[in-house]
Amino acid sequence: VITNDWNERFPEIESIVLTEINNIIATCNQPLSLAKIDSRFISNMTAATRVVVCWDTDNCDIDLWVTEPTGEKCIYSHALTQIGGHLSRDFTRGYGPEEYMLHYPLDGSYKVELNYYGQSATTTLGPTTITVQIYTDYGKPTQQMREVTKRLSAAKEVILIGNVEVGIKH
């Protein structure tokens, strides 16, 4: 994925794959054979917060939205925020993934939503299912992840996935 050309439907997919590979290397608790991975691609890519969404329907358009404690919304048309939140390229005709990363967060609540635009292909498989992975301390020994899986019911729907609380004691 990293060194080959991919279909134009998946622009910059290699950056998400690099992040995933490096997380496996950083958090695996057993020896790994890295001989087949170019050493230039190995670098622990940590983040305070990382959110990834994938879906199971081809030719489907789902957008990841993250509203930061400042009120600024990181979306496909505003992919870099003042505090450094970054959203990956928008996949409008595939399975995703789409990714939000923030290295140095402000304390507060980060609202995670999805905007389901719909799909452009007919399917007999039923409604689209999304999987959202929400990480804190990504790529660090203290990494934590929670996963949310939902069936989508109707196009043109905004789905609240949840909030990521940073620096807030409960």
Side-chain angles (χ1 to χ4, degrees), residues 1-27 38 40-55 59-118 120 128 130-140 142-148 150 152 155-168:
V1 173
I2 297 168
T3 59
N4 293 320
D5 290 331
W6 277 78
N7 187 291
E8 65 185 21
R9 295 187 315 150
F10 306 102
E12 299 177 18
I13 188 71
E14 55 279 301
S15 65
I16 295 173
V17 171
L18 272 172
T19 302
E20 293 286 345
I21 288 171
N22 280 290
N23 187 55
I24 291 168
I25 293 168
T27 60
D38 187 322
R40 295 174 298 169
F41 298 139
I42 299 174
S43 175
N44 192 11
M45 300 178 180
T46 62
T49 303
R50 181 176 188 247
V51 179
V52 181
V53 61
C54 298
W55 48 93
N59 291 310
C60 186
D61 189 5
I62 295 173
D63 288 338
L64 174 61
W65 295 352
V66 177
T67 303
E68 298 170 341
T70 60
E72 189 173 11
K73 187 180 278 191
C74 194
I75 62 175
Y76 71 94
S77 60
H78 183 72
L80 184 61
T81 67
Q82 292 288 321
I83 66 169
H86 179 264
L87 191 64
S88 63
R89 291 283 299 268
D90 186 21
F91 292 109
T92 61
R93 298 183 302 148
Y95 298 98
E98 291 189 14
E99 167 192 71
Y100 167 86
M101 287 185 77
L102 178 64
H103 296 283
Y104 305 104
L106 294 177
D107 286 353
S109 185
Y110 294 74
K111 182 166 72 170
V112 178
E113 298 173 290
L114 299 178
N115 188 8
Y116 176 37
Y117 283 100
S120 58
T128 297
I130 55 98
T131 302
V132 181
Q133 295 172 331
I134 302 170
Y135 296 90
T136 54
D137 290 341
Y138 185 79
K140 301 174 185 174
T142 54
Q143 174 178 300
Q144 292 187 10
M145 188 268 289
R146 69 180 158 123
E147 189 168 80
V148 176
K150 291 187 179 228
L152 305 182
K156 308 294 183 200
E157 138 180 67
V158 175
I159 302 104
L160 175 63
I161 299 301
N163 292 307
V164 179
E165 308 295 338
V166 176
I168 299 173

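The basis for the numbers below is simple: all heavy atoms, side chains too, and nothing from hydrogens, waters or symmetry mates.
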(message) Looking only at side-chain N and O atoms, does Glu72 offer a donor or acceptor that is under 3.5 Å from a partner on His78?
(response) yes

(request) May I ask you to test the Asn44-Ile25 pair for a side-chain heavy-atom distance under 4.5 Å? (result) no

(request) Find out whether Glu98 and Asp63 are in side-chain contact, i.e. whether some heavy atom of one side chain is under 4.5 Å from a heavy atom of the other. (result) yes

(message) I'd like to check Met101 versus Glu99 (side-chain heavy atoms, cut-off strictly below 4.5 Å). Are they in contact?
(response) yes

(message) Does any part of the side chain of Ile134, heavy atoms only, come nearer than 4.5 Å to the side chain of Ile161, both counted from C-beta?
(response) yes

(request) Please report the C-alpha distance between His86 and His103 in whole Å, then the side-chain angles of each, then the deciding distance to 0.1 Å, and finally whether the side chain to side chain contact (heavy atoms under 4.5 Å, CB included) criterion is met. (result) CA-CA 9 Å; His86 179 264; His103 296 283; over 6 Å; no

(message) If I compare all heavy atoms of Gly139 with all of Ala26, which pair ends up nearest, and what's the gap?
(response) O-CB, 3.8 Å

(request) State the OG1-CG distance between Thr27 and Asp137, to the nearest 0.5 angstrom. (result) 12.5 Å

(request) Measure the shortest side-chain to side-chain distance between Trp55 and Pro97 over non-hydrogen atoms and say whether it is less than 4.5 angstrom. (result) no

(request) Could you walk me through whether Asn163 and Val112 pass side chain to side chain contact (heavy atoms under 4.5 Å, CB included), step by step? (result) CA-CA 6 Å; Asn163 292 307; Val112 178; over 6 Å; no

(message) When you compare the side chain of Ile62 with that of Leu152, does any pair of heavy atoms fall below 4.5 Å?
(response) yes

(message) Return the NZ to OG1 distance between Lys140 and Thr46, rounded to the nearest 0.5 Å.
(response) 5.0 Å

(message) Any donor-acceptor pair under 3.5 Å linking the side-chain atoms of Tyr100 with those of Glu68?
(response) yes

(message) Within a 6.0 Å radius of atom CD on Gln82, are there more than 12 heavy atoms belonging to other residues, nucleotides or ligands?
(response) no

(request) Calculate, to the nearest 0.5 Å, the distance between atoms CD1 and CD1 belonging to Ile159 and Ile130 respectively. (result) 6.5 Å

(request) Measure the spacing between CD of Gln133 and CD of Glu147 and express it to the nearest 0.5 Å. (result) 5.0 Å

(message) To the closest 0.5 Å, what do you measure between CZ (Arg50) and OH (Tyr135)?
(response) 5.5 Å

(message) Other residues, nucleotides and ligands only: do more than 12 of their heavy atoms fall within 6.0 Å of NZ on Lys111?
(response) no

(request) State the CG-SG distance between Leu64 and Cys74, to the nearest 0.5 angstrom. (result) 8.0 Å

(request) Please tell me if the side chains of Leu114 and Val158 come closer than 4.5 Å, counting only heavy atoms from C-beta onward. (result) no

(request) Determine, step by step, whether Ile83 and Thr70 satisfy the side chain to side chain contact (heavy atoms under 4.5 Å, CB included) criterion, reporting the C-alpha distance in whole Å, the side-chain angles of both residues, the deciding distance to 0.1 Å, and the verdict. (result) CA-CA 9 Å; Ile83 66 169; Thr70 60; 4.2 Å; yes

(message) Given 3.5 Å as the limit, does a donor-acceptor pair link the side chain of Asn23 with the main chain of Thr19, or not?
(response) no

(message) Is the shortest side-chain heavy-atom distance between Val166 and Val164 below 4.5 Å?
(response) yes

(request) Would you confirm whether Asp38, through its side chain, and Arg40, through its main-chain N or O, come within 3.5 Å as a donor-acceptor pair? (result) yes

